[in-house]
Structures are given as structure tokens and as C-alpha cells.
Number of protein chains: 2
Amino acid sequence: MPVILVVDDEEDIRQILSYNLKKEGYHVIEASQGDEALYQINRKKPDLILLDVMMPGMDGIEVCEVLKSNPDNSSILICFLTSRSEDYSQIAGLDAGADDYITKPIKPKVLISRVNALLRRREDSVVEMKLTRGIEINREKYIVEKDGNKIRLPRKEFELLALLASRPDCVFKREIILEKVWGNDVIVGDRTIDVHIRKLRTKVGENHIKTVKGVGYKFISNQ
Amino acid sequence: MPVILVVDDEEDIRQILSYNLKKEGYHVIEASQGDEALYQINRKKPDLILLDVMMPGMDGIEVCEVLKSNPDNSSILICFLTSRSEDYSQIAGLDAGADDYITKPIKPKVLISRVNALLRRREDSVVEMKLTRGIEINREKYIVEKDGNKIRLPRKEFELLALLASRPDCVFKREIILEKVWGNDVIVGDRTIDVHIRKLRTKVGENHIKTVKGVGYKFISNQ
DNA sequence: AAGAAATCATTAAATTTTTATGAAAGTTTA
DNA sequence: TAAACTTTCATAAAAATTTAATGATTTCTT
């Protein structure tokens, strides 16, 4: 289940949001201030952040900027919480980093449908993906481009790469990889993953996939 | 989901358009100048382009002309963005290449309904389709022309070709093919698809339809 | 720090899956 | 009913996937 971080200085609001999200089955963590939010993000990378714009101290926009300055966090969705009174121009201006915004007062139904939509959309938006140093994955075309050259990958290899690349710099445990790429019911030996990783490395580049011994593999975005 | 390219030199406008389109679920890419737009089009062929007429450097009309000079791009829809002040004669003049236009200031609701309408209309208008290297599909006549020669295809073969060609280079999974060409209720074996593909290949050309093992087939546009 | 244990890397070979193809058997259409 | 169209079947071919075997590396123990 996706992890959602709720950031708002008012405890009442945090509770209402948190309650409703949990009821939907999401794993919710909270922060009451900007810096606390950044701390939480570091500790447990959320899938989505509901971020209040107006907060004492570091406001939502600053948090967003700091957050997005780290490419590790590029896949985190951000949804601002704004008061209706804050004018649209401002919201449009800060839109750069955000994926959506919800105006207060927040109705539970609106909240849930927006959150669901955002997370659902994220799944689909992995159709095309630009990765560092000219690696591009296109799900529709089932093609990976490296420095402009098209690389044709067999299905399993493609799925594996797409999975790893869906969250760059995050480690995927072997069990997770098996579950996502091979399916829960299929039983294959552990060496199978290695072999596929091997093939990917020769095709996509040796230093794009890093192994984390005892855990799994990750796709390296930068450097 | 369809891909929409937003071309406008003002960042604010790009953002507002982008935001609203994304909210609808479209995949949006942006360009701030004419040549950047052409670059983007080359990189990822969009379904629709929202194209500002007045831009410094290469203006919208030029972009449109360059675009349309390449038959590969004939299926891309173009919607101009114009100021109310720009006189209609000019707009009428450039109408040739464009499918629609929206006058600024742009209201989100108008934007969305126009965009939806355009894309919906396109679905139906796959009546005739020019494809690379002189392959042309005419839905009304159930006829395919290759290098000027008319090829008469049986219904199923035609539907299959039309489906694959509707999104060149995109893979159609076997299940999707079955659903679209044969219908959800009809039960036919997987070999049936192969056989039809083979017949198409012998008639239309071996290297126009490519198989993606384990996934499905795709129509190759170029080369 | 040395040795043992666990975990990965790598290659080649074996196996399985998936598709191509020709021919034939049904089906529909004119 | 013949002709055209669809579908199935059987077999060949190709490609993808998995296993197995061996070497390398890291981690853990003592």
C-alpha cells in the first residue's frame, strides 16, 4: 500500500486527513512543520505528500523546492493544500513542482478521489520515462533508447528494467522483484534474477544497475 | 492516454494549460519555442499540439507548415491558440493545417471540452490514413493502397491492419487485438492472430508489421 | 585477520515458451 | 455451389527463459 505524508501545522486537519486516508488503506505518516516533513521524507520515502502551503517557519513551497532539488525524490507526488482565498496566480506559480492541489476546506470524498487519481495516474505515467544520461523507456512501444539507439529487450528484461527504473535509486528486494516481474505464483530459482540483471547490464550499461548485496538491486539515476 | 504538446512562450500559460490537461489524465509535454516544439515532436510524437500563433522566433504558423510537410506527422492534430485581437482573416488563412483554434484568455472548461472533442473526433476520422512509404488505408472503401496499387483486404485482415496502424510503433497486446478486432465475446485461438498477421505481411510487406514476442504486434512507421 | 559461509557474477547449455507457416477444414457470401 | 474468407491444426523455427556449474566477492565468525 502506498505511503502518504500529511504535512500541516494544524493538528485537527492532520487528523481528519489521516483518518480518511487510513480508512482507504493507505499508510499515513504526519509532520507538523516543514523541516519535520523533510526529516520524515528522508526516513521513509512516501509515494505522495499532502503539503500545506501556509505554514509557520518553512512553508510548503520551500519544502517542495528543497525536496525536488534532490533527484532521488523526483518520483514523489506532491499535492498542495491551499485556502480558497490564496489567489490562483500564486498557485499557478508554484505549480512547477506540484502534481495537484486541493483547496480547503477539504471534503473527504474529494480528498480520496484526488489521491486515488494521483496514485493511479502515476502507475500509468511510467509509459515513457526519461532517465539519466539518455536512457529512455517507452512502455507503449516496448522499447528502450540509449543515447538515441533503440534497444530491443525481451519481455522479462524489459519488465525488470521498467520496475527498477520506476523508482530510481531505490532498492528492490529480490522477493519484490519476483513478485512484480514474475508473479506471485511462479516459482523460479534466485539465479534467474541474476541472469536477467546480467543481460540488462550488457545491454543498457554496466553501471546503471547496482546490486545491494543481501537485499536486491537498484537503478542508478545520477552519476 | 493521448499525448499533448503545449507550445507557448509564456511559462504561466504553459503551466495553466498543462495543469488542467494533466488533471484530465493527459500526458503533457511542453515547448517554449517553435524549434523546441519541432524537436519534441520528433522525440515523442504527440496526438495533439496546442500551438501558440504569436511567438518570438519561429511562429506557430511556421511550425505548423514544417510539421505538415512531413507526411509522418499528418495524423497529429493541431489546435492554435490565438489572442482575440488577432484578426480572423489571418486565422482563417492558417486554417489549412489546423484542426481547431482557441482564443485567449483560455478558460479551463473550454480547453478541456475542445481537446476532448478533437481527440474523440480523431478516433472516428481514421477513415483515411497515409502511412509511411506509400501505404494508405481507407476505411470507407475498405481498401489499402501500397505504392499506388490497390490491395483489397478481407474484413478481419483490414481491421487488424487498421488497428495496428492507428498507433504506429505502439505494441498491441494479443488480448487487445482480440478484443478490438474479434470482440470480447468471440473465442478464437491465439494462432488465429498469427495467421492473419502472416497474410497481412505477404500482402502489405514483410517488414511493416513487427512482432514483439510475449507481448503482441506493432506496425512500423519508418524505415 | 583467516577461514567459513553466504551471496552474486558469468557463461554455456538445456528447456520452455512463443511464433511462423503451410495445408486443410469449416463458414460465409455471392 | 463455387469462391472467398476464417479458423484450426500440426510442425518447424525462433526466441526467450531457466537451470546448472563454476568462479568471484562480500560478510560473518572466531
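Values below: every heavy atom of this structure, side chains too, minus hydrogens, waters and symmetry copies. The chains referred to below are lettered A, B, ... by the order of the sequence lines, with proteins before strands, and numbering in each begins at 1.
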*side-chain hydrogen bond (donor to acceptor under 3.5 Å, both in side chains) partner of Glu30(B), the single match among Gln40(B), Arg14(B), Gln15(B)*: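 Among Gln40(B), Arg14(B), Gln15(B), the one that satisfies the side-chain hydrogen bond (donor to acceptor under 3.5 Å, both in side chains) with Glu30(B) is Arg14(B).
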Could you tell me whether the phosphate oxygens of [N], OP1 or OP2, come under 4.0 Å of any side-chain nitrogen or oxygen in [X]?
X: Arg201(B); N: dA20(C); value: yes
X: Arg174(B); N: dT19(C); value: yes
X: His196(B); N: dC5(D); value: no
X: Tyr217(B); N: dT18(C); value: no
X: Arg191(A); N: dA9(C); value: no
X: Thr211(B); N: dT19(C); value: no
X: Trp182(A); N: dT17(D); value: no

May I have the distance from [X] (atom [atom1]) to [N] (atom [atom2]), rounded to whole angstrom?
X: Arg198(B); N: dT7(D); atom1: CZ; atom2: C1'; value: 12 Å
X: Glu206(A); N: dC8(C); atom1: CD; atom2: P; value: 17 Å
X: Asp190(B); N: dT18(C); atom1: CG; atom2: C1'; value: 9 Å
X: Lys173(B); N: dT19(C); atom1: NZ; atom2: P; value: 14 Å
X: Lys210(B); N: dA14(D); atom1: NZ; atom2: P; value: 17 Å
X: Ile151(B); N: dA4(D); atom1: CD1; atom2: C1'; value: 17 Å
X: Ile197(B); N: dT7(D); atom1: CD1; atom2: P; value: 14 Å
X: Lys199(B); N: dA24(C); atom1: NZ; atom2: P; value: 14 Å

*asked:* Taking NZ in Lys203(B) as the centre, count heavy atoms belonging to other residues, nucleotides or ligands within less than 6.0 Å. Is the count above 12?
replied: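 For Lys203(B), atom NZ is crowded (more than 12 foreign heavy atoms under 6.0 Å).
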Would you indicate which nucleotide in [options] comes nearest to any side-chain atom of [X]?
X: Asp194(A); options: dC8(C), dT17(D), dA20(D); result: dC8(C)
X: Val195(B); options: dT21(C), dT10(C), dT17(D); result: dT21(C)
X: Pro154(B); options: dC5(D), dT18(D), dT8(D); result: dC5(D)

*asked:* Tell me whether Glu157(A) is salt-bridged to Arg198(A), with the criterion being a basic N under 4.0 Å from an acidic carboxylate O.
replied: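 Looking at Glu157(A) and Arg198(A), the cut-off is not met.
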*Is it true that Asp169(A) and Lys218(A) have a side-chain N and a carboxylate O under 4.0 angstrom from each other?*
no
*Mark yes or no for a side-chain to base donor-acceptor pair under 3.5 Å between Lys213(A) and dA6(C), with no hydrogen or angle criteria applied.*
no
_Return whichever of Lys203(B) or Arg152(A) has its heavy-atom-nearest nucleotide of DNA chain D closer to the 5' end._
Lys203(B)
*Distance-only side-chain donor-acceptor flag, Tyr142(A) / Glu159(A), under 3.5 Å*: yes
*asked:* Students often get this wrong, so: under 4.0 angstrom with heavy atoms, is Val215(A) touching a base, only sugar-phosphate, or nothing?
replied: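 If one applies the 4.0 Å heavy-atom cut-off, Val215(A) turns out to touch the sugar-phosphate alone, with no base involved.
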_For His208(A) and Phe219(A), take the angle between the two ring planes, folded into 0 to 90°, and tell me which bin it lands in: parallel under 30, tilted 30 to 60, perpendicular over 60._
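Because their plane-to-plane angle is under 30°, the rings of His208(A) and Phe219(A) count as parallel.
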